[in-house]
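Values below: every heavy atom of this structure, side chains too, minus hydrogens, waters and symmetry copies.
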Amino acid sequence: MQDSKALASIPLVPANTAPPAPHFPWPKPYTSAMFLSFDVDAESAWTAKDAGHAERLVTMSYGGYEARVGTPKLLELLDQLDLKATFFITGWAVDAHPAMAESILKAGHEIGHHGYHHLLVDPGDDVEEELQRGFDALKRHLGVVPKGYRAPVGEFTEALRVALVRHGIAYTSSFRDDVRPYRHRLKDGRPGTIELPVTSSYDDWMHGLSTRFSPRSIFPKEHVLSMWKDDLDETRDWGAMVTTVLHPQVSGRPMRLRLLREFLTYAKSCEDLWIASGEEIVVNYQLNEAASAVAAAE
């Protein structure tokens, strides 16, 4: 049983005090949306868990697959389907694999910030060095100042939420608490970033990767495709948004690429669905937010 003092310290307020997501319209003729996004971690996905993994070369090879095969195959698929996406890249991956990062940018996709070493942030951690090193790597190799940020391992603290506003980040995509974009509220009441919430079922790491450190079964294509279609179809009925969290070291492998091809082909056939990058979705949100503010003031 947990310590009673620790339990008494839990604030009696919601962890996220932002108001409910506004029902802003999607660009015509669309009535629902998909934020198509990828997380490019490369070997940092494994060294983040244990720096000693850097000397375990087969372990590292899971991440190395991204630059050698996974990312080129995904870029080829997106080109074939005429789709643009957002790639959240760790600074370490950019420094270690600059040609891979450059190929993503050259193909016309948005580049987002994904930390430097892919470290999970804990309460009390100093977030500044990880953030700054990530910004520096993206600027140095790609000339990019990212507008979007996705938290490594999908964790957040208030210090991180405040730091991202200070650094000029327009949007984040990490929380799992809504089906439409909304704007964060900082603890002191100031507005925070726009959140493009993640749809947990679209995290391919959960269904498509089995290693000695994550010994779970790989789900067959039919199971995952059925789940993804059902989630998408119901979300479309709600007029809401799904957000993917796809990894080149998972979805860039043959069986998973075939799954993704079938799913994205199906998604493209849905005429009501806007498949967009994070930047595009945020611009739409900002336009509606500004119009709503004007209307409220009149």
- With distance as the sole test, does R236 use its side chain to make a donor-acceptor pair with the main-chain N or O of S32 at under 3.5 Å? no
- Do any N or O atoms from the side chain of T71 and from the backbone of A67 form a donor-acceptor pair under 3.5 angstrom? no
- NE2/H141 to CD1/I89 distance, rounded to the nearest 0.5 angstrom? 11.0 Å
- Query: Under 3.5 Å, is there a donor-acceptor pair linking the side chains of D136 and Q132?
  - Reply: yes
- Same cluster (ILVMFWY, side-chain, under 4.5 Å), L77 and Y266: yes
- Separation between CD1 of I275 and NZ of K84, rounded to the nearest 0.5 Å: 13.5 Å
- Message: Can a donor-acceptor pair be found, under 3.5 Å and without considering hydrogens, that links the side chain of R185 to the backbone of R183?
- Response: no
- In this structure, OG of S201 is separated from CE of M206 (nearest 0.5 Å) by 10.5 Å
- Item | Main-chain N/O of W92 paired with R133 side-chain donor or acceptor, under 3.5 Å | no
- Are V198 and S174 close enough, and set up right, to give a side-chain contact (heavy atoms from CB on, under 4.5 Å), and what steps lead you there? CA-CA 6 Å; V198 165; S174 303; 5.5 Å; no
- Item | Derivation and outcome, side-chain contact (heavy atoms from CB on, under 4.5 Å), residues L196 and I281 | CA-CA 8 Å; L196 305 186; I281 294 169; 3.8 Å; yes
- M241 and W26: CA distance, side-chain angles, deciding distance, side-chain contact (heavy atoms from CB on, under 4.5 Å) verdict: CA-CA 10 Å; M241 179 184 79; W26 305 110; 3.9 Å; yes
- Task: Would you sort out whether N288 and N284 count as a side-chain contact (heavy atoms from CB on, under 4.5 Å), showing the intermediate values?
- Result: CA-CA 6 Å; N288 279 285; N284 179 72; 3.5 Å; yes
- Task: Apply the test side-chain hydrogen bond (donor to acceptor under 3.5 Å, both in side chains) to residues Y182 and N16: give CA-CA distance (whole Å), side-chain angles for both, the deciding distance (0.1 Å), then the verdict.
- Result: CA-CA 11 Å; Y182 64 86; N16 184 358; 2.9 Å; yes
- Query: Where does the angle between the aromatic ring planes of Y62 and W46 fall among parallel (under 30°), tilted (30 to 60°) and perpendicular (over 60°)?
  - Reply: tilted
- CG (D82) with more than 12 external heavy atoms under 6.0 Å: no
- Query: Hey, are the side chains of T265 and S269 touching, using non-hydrogen atoms and a 4.5 Å cut-off?
  - Reply: no
- Task: State, with a plain yes or no, whether a side-chain heavy atom of L142 is found less than 4.5 Å away from one of E102.
- Result: yes
- Item | Pairing of R256 and D204 as salt bridge, 4.0 angstrom limit | no
- F156 ring centre to R161 NZ or CZ under 6.0 Å, with the angle to the axis within 45°? no
- Query: Which heavy atom in A93 sits nearest to a heavy atom in A42, and how many Å separate them?
  - Reply: CB-CB, 4.0 Å
- Task: Taking the side chain as every heavy atom from C-beta outward, state whether L75 and F87 have any pair of such atoms under 4.5 Å apart.
- Result: yes
- Check: L81 main-chain N/O paired with K268 side-chain donor or acceptor under 3.5 Å: yes
- Query: Going by the angle between their ring planes, with limits at 30° and 60°, are F88 and F35 parallel, tilted or perpendicular?
  - Reply: perpendicular
- Rounding to 0.5 Å, atoms CD (E130) and CG (L119) come to a distance of 4.0 Å
- Which value, rounded to the nearest 0.5 Å, describes the distance between L74 atom CG and D79 atom CG? 12.5 Å
- Query: Between D188 and R190, is there a salt bridge with N-O shorter than 4.0 Å?
  - Reply: yes
- Message: Using the side chain to side chain donor-acceptor pair (under 3.5 Å) definition, which of the options R150, E279, E110 pairs with T86?
- Response: E110
- Between the main-chain N or O of A6 and the side-chain N or O of S9, is there a donor-acceptor pair closer than 3.5 Å? yes
- Any side-chain heavy-atom pair from T17 and K187 closer than 4.5 angstrom? no
- Positive for side chain to side chain contact (heavy atoms under 4.5 Å, CB included) with V40, one of I111, L246, I104: I104
- Message: Distance check, rounded to the nearest 0.5 Å: H113 atom NE2 versus F135 atom CZ?
- Response: 4.5 Å
- Message: Testing the basics here: between Q249 and Y65, what is the closest heavy-atom pair and its distance to 0.1 Å?
- Response: CA-CD2, 4.2 Å
- Which heavy atom in E155 sits nearest to a heavy atom in L160, and how many Å separate them? O-CD2, 4.1 Å
- Task: Check for a donor-acceptor pair, side chain of E195 on one end and backbone N or O of F175 on the other, with a separation under 3.5 Å.
- Result: yes
- So, do L36 and L78 sit near enough that their side-chain heavy atoms are less than 4.5 Å apart? yes
- Item | ILVMFWY cluster, F219 and L232 together (side-chain gap under 4.5 Å) | yes
- Shared ILVMFWY cluster between M34 and W274, side chains joined below 4.5 angstrom? no
- Would a 4.5 Å heavy-atom cut-off, applied to side chains only, mark R176 and D203 as touching? yes
- Query: What pair of heavy atoms forms the shortest contact from P146 to I169, and how long is it?
  - Reply: O-CD1, 3.6 Å
- Does a donor on one side chain sit under 3.5 Å from an acceptor on the other, for E43 and H118? no
- Query: Hey, is NZ on K221 packed in by over 12 heavy atoms from elsewhere, all under 6.0 Å?
  - Reply: yes
- Query: Just by distance, do the side chain of Y149 and the backbone of L131 share a donor-acceptor pair under 3.5 Å?
  - Reply: no
- Do D95 and R140 sit within salt-bridge range, that is, some charged N less than 4.0 Å from a carboxylate O? yes
- Query: Do the rings of W205 and H247 sit parallel, tilted or perpendicular, given the 30° and 60° boundaries?
  - Reply: perpendicular
- Exercise: identify the closest heavy-atom pair between S37 and T243: OG-CG2, 4.1 Å
- Kindly say whether E128 contributes a backbone atom to a donor-acceptor pair with the side chain of H167 at under 3.5 angstrom? no
- Message: Does any part of the side chain of S44, heavy atoms only, come nearer than 4.5 Å to the side chain of Y116, both counted from C-beta?
- Response: no
- Write down the atom of D41, the atom of T90, and the distance for their closest heavy-atom approach. O-OG1, 3.7 Å
- Connected via hydrophobic side-chain network under 4.5 Å: Y30 and F24: yes
- Query: Going hydrophobic residue to hydrophobic residue with side-chain gaps under 4.5 angstrom, can you get from M227 over to L273?
  - Reply: yes
- Query: Mind checking whether F38 and T244 have side chains closer than 4.5 Å, heavy atoms only?
  - Reply: no
- Determine yes or no for a side-chain-to-main-chain donor-acceptor pair under 3.5 angstrom, with H184 supplying the side chain and T193 the backbone. no
